[in-house]
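Worksheet: one structure, shown below.
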Amino acid sequence: MWVNKQERSAHIMSFNNTTAAVFNGGCYSVRCIFSFTENSIIAAAFFAVVIVSLTGNISTCYVILTRKQLRSTASISTFNLALSDLLVTIVCAPVITIDIYVAKRWIFGEALCKIVPVVQKMSVNASIINLFVVSLEKFMAICFPFCFRARKKSFVYGIPFVWLLAIALAAPLAKYRQLIVTPSTSYCITVFPDVKTSRIFSVIYTLTFFIPLIMMICLQLTTIHSLSKRGITANISYMSQHNIRRKKAAVVLVIVMLSFLACWTPIYLLAMLNTFSEVMQSMNIKTVNVVYAVFTWMFYACAAVHPLIYFLMTPQGSNSLKRFRGTNGQKARRRLISKPSTAGSNVGGSFLLFTRESRV
């Protein structure tokens, strides 16, 4: 939670999802800032995101794992993206919501104090790097097809290294996490030894988010442009249709990247502003915490947006959704047909069931 830099321990990076306690007689906890109703609304909004994200990402993983024809490089990357979203949804979002807006103190112990921010940062890194791998793969396949064919399997083998790199970038954060217990409360915060270290971490984490994302968008726009040129000059209808499908896939990937930018940019900019500027200290404390709550909600909502994009905008996802609806519809019709009619005899119901089975 956000607290005044002059009234807190030195160089605390407060944006890292922490509970503010009482500093020098000034209460900066949400119990002093938000009413019970306001806290309840905020907590409900966060838990709604958790439910939607859990449902969507578990469904995405299930579809990819149960259908062998979907196990392509792109599907493996989609699975990894869903897995990283699940980690944030299960480990981070509920803990932070309970910490700040329900319990209003840290109740999860010292181990989770260090683990939660590392898992969150690791998931962010894994998502970005996975998308970068997919973008590079599609760019190579379209713009340098002969070179890509020789190195196609290397993209699949690179997935474990994506997670190793994501962990390596996030792990140093655990060193600076501290659980502070006072007679009245307890809170988990990030404490850096000096201002320089705080700013270095902030810059590195911000750049590792924006630079790969900007590079990915450039790669995908180049891919879409290349496919558009091929569509104009193509004489073979099959190749033209194939390029159209690839172009749609590239557009969907750009939409996923834009969702990252829309949902994650505000919290990163807020962190940079808090680290390098005193503007936050001149603002009303409730205004700052409302902004923080909205931007944090957007950050976690990104995990719920990705399954919606997959099931509504990709052929694999929409086909799986249609099959699910068709299966449920058939089960419902079978239950309805096999149920004896109240207006007639049981023979009528059995006849309807027989005729339906005979048609099948």
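Only this structure's heavy atoms are used, side chains among them; waters, hydrogens and symmetry mates stay out.
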Heavy-atom side-chain contact between [X] and [Y] under 4.5 Å:
X: T97; Y: Y300; value: no
X: C188; Y: D99; value: no
X: V252; Y: I309; value: yes
X: K104; Y: T185; value: no
X: V290; Y: F34; value: yes
X: V203; Y: F276; value: yes
X: F79; Y: L65; value: yes
X: V256; Y: Y310; value: no

Heavy-atom closest contact ([X] atom, [Y] atom, distance):
X: A293; Y: Y101; result: CB-OH, 3.3 Å
X: W264; Y: C302; result: NE1-CB, 3.4 Å
X: M257; Y: L213; result: O-CD2, 4.1 Å
X: S202; Y: A271; result: OG-O, 4.2 Å
X: P266; Y: L261; result: CD-O, 4.1 Å
X: P212; Y: F132; result: O-CD1, 4.2 Å

The test is side chain to side chain contact (heavy atoms under 4.5 Å, CB included); show your working for I189 and I180 and say whether it passes.
CA-CA 8 Å; I189 54 177; I180 299 177; 3.2 Å; yes
Please lay out, stage by stage, how S123 and V119 fare under the test side chain to side chain contact (heavy atoms under 4.5 Å, CB included).
CA-CA 6 Å; S123 300; V119 170; 4.1 Å; yes
Do F201 and Y176 pass the ring-ring contact (aromatic ring centres under 6.0 Å, His included) test, and can you show the C-alpha distance, the side-chain angles, and the key distance before you say yes or no?
CA-CA 11 Å; F201 265 77; Y176 301 103; 5.2 Å; yes
Spacing of [X] atom [atom1] and [Y] atom [atom2] [to the nearest 0.5 Å]:
X: T78; Y: L83; atom1: OG1; atom2: CG; value: 12.5 Å
X: L219; Y: L136; atom1: CG; atom2: CG; value: 6.5 Å
X: I129; Y: L81; atom1: CD1; atom2: CG; value: 12.5 Å
X: I217; Y: L258; atom1: CD1; atom2: CG; value: 5.0 Å
X: L169; Y: L165; atom1: CG; atom2: CG; value: 4.5 Å
X: S135; Y: M216; atom1: OG; atom2: CE; value: 5.5 Å

In sequence, state the C-alpha distance, the side-chain angles, and the governing distance for K286 and E38, and then conclude on side chain to side chain contact (heavy atoms under 4.5 Å, CB included).
CA-CA 12 Å; K286 183 167 185 176; E38 290 169 334; 3.1 Å; yes
Is there a path of hydrophobic side-chain contacts, each under 4.5 Å between heavy atoms of I/L/V/M/F/W/Y residues, joining [Y] to [X]?
X: I285; Y: V294; value: yes
X: I41; Y: Y292; value: no
X: F161; Y: M122; value: no
X: L87; Y: I51; value: no

Quick one, W163 with N80, criterion side-chain hydrogen bond (donor to acceptor under 3.5 Å, both in side chains). Give me CA distance, side-chain angles, the key distance, then yes/no.
CA-CA 9 Å; W163 284 97; N80 278 275; 2.5 Å; yes
Using the rule given for ring-ring contact (aromatic ring centres under 6.0 Å, His included), can you reason through H306 versus F311, listing the C-alpha separation, both sets of side-chain angles and the distance that settles it, and then say yes or no?
CA-CA 9 Å; H306 295 152; F311 282 108; over 10 Å; no
For residues 107-118, please give each side-chain donor-acceptor pair under 3.5 Å, one per line with the distance, not counting sequence neighbours.
residue: K114; atom: NZ; partner: A174; partner atom: O; Å: 3.2
residue: K114; atom: NZ; partner: R177; partner atom: O; Å: 3.0

Intermediate values then yes/no, ring-ring contact (aromatic ring centres under 6.0 Å, His included), F295 and F299
CA-CA 6 Å; F295 287 177; F299 179 88; over 10 Å; no
Going by side-chain hydrogen bond (donor to acceptor under 3.5 Å, both in side chains), name the residues that satisfy it together with N130, two or more places apart in sequence or in a different chain.
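Checked N130 against side-chain hydrogen bond (donor to acceptor under 3.5 Å, both in side chains); zero matches.
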Determine, step by step, whether V49 and V52 satisfy the side chain to side chain contact (heavy atoms under 4.5 Å, CB included) criterion, reporting the C-alpha distance in whole Å, the side-chain angles of both residues, the deciding distance to 0.1 Å, and the verdict.
CA-CA 5 Å; V49 165; V52 174; 5.9 Å; no
Can any side-chain N or O of [X] pair as donor or acceptor with the backbone N or O of [Y] at less than 3.5 Å?
X: S282; Y: V279; answer: yes
X: S277; Y: N274; answer: no
X: T197; Y: P193; answer: no

Return yes if a side-chain donor-acceptor contact under 3.5 Å exists between N57 and T60, otherwise no.
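No, T60 and N57 have no side-chain donor paired with an acceptor closer than 3.5 Å.
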For the ring pair W106 and Y187, is the centre-to-centre distance below 6.0 Å?
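Centroid separation for W106 and Y187: 6.0 Å or greater.
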Determine whether more than 12 heavy atoms belonging to other residues, nucleotides or ligands lie under 6.0 Å from atom CE of M283.
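Counting other residues, nucleotides and ligands, CE of M283 exceeds 12 neighbours.
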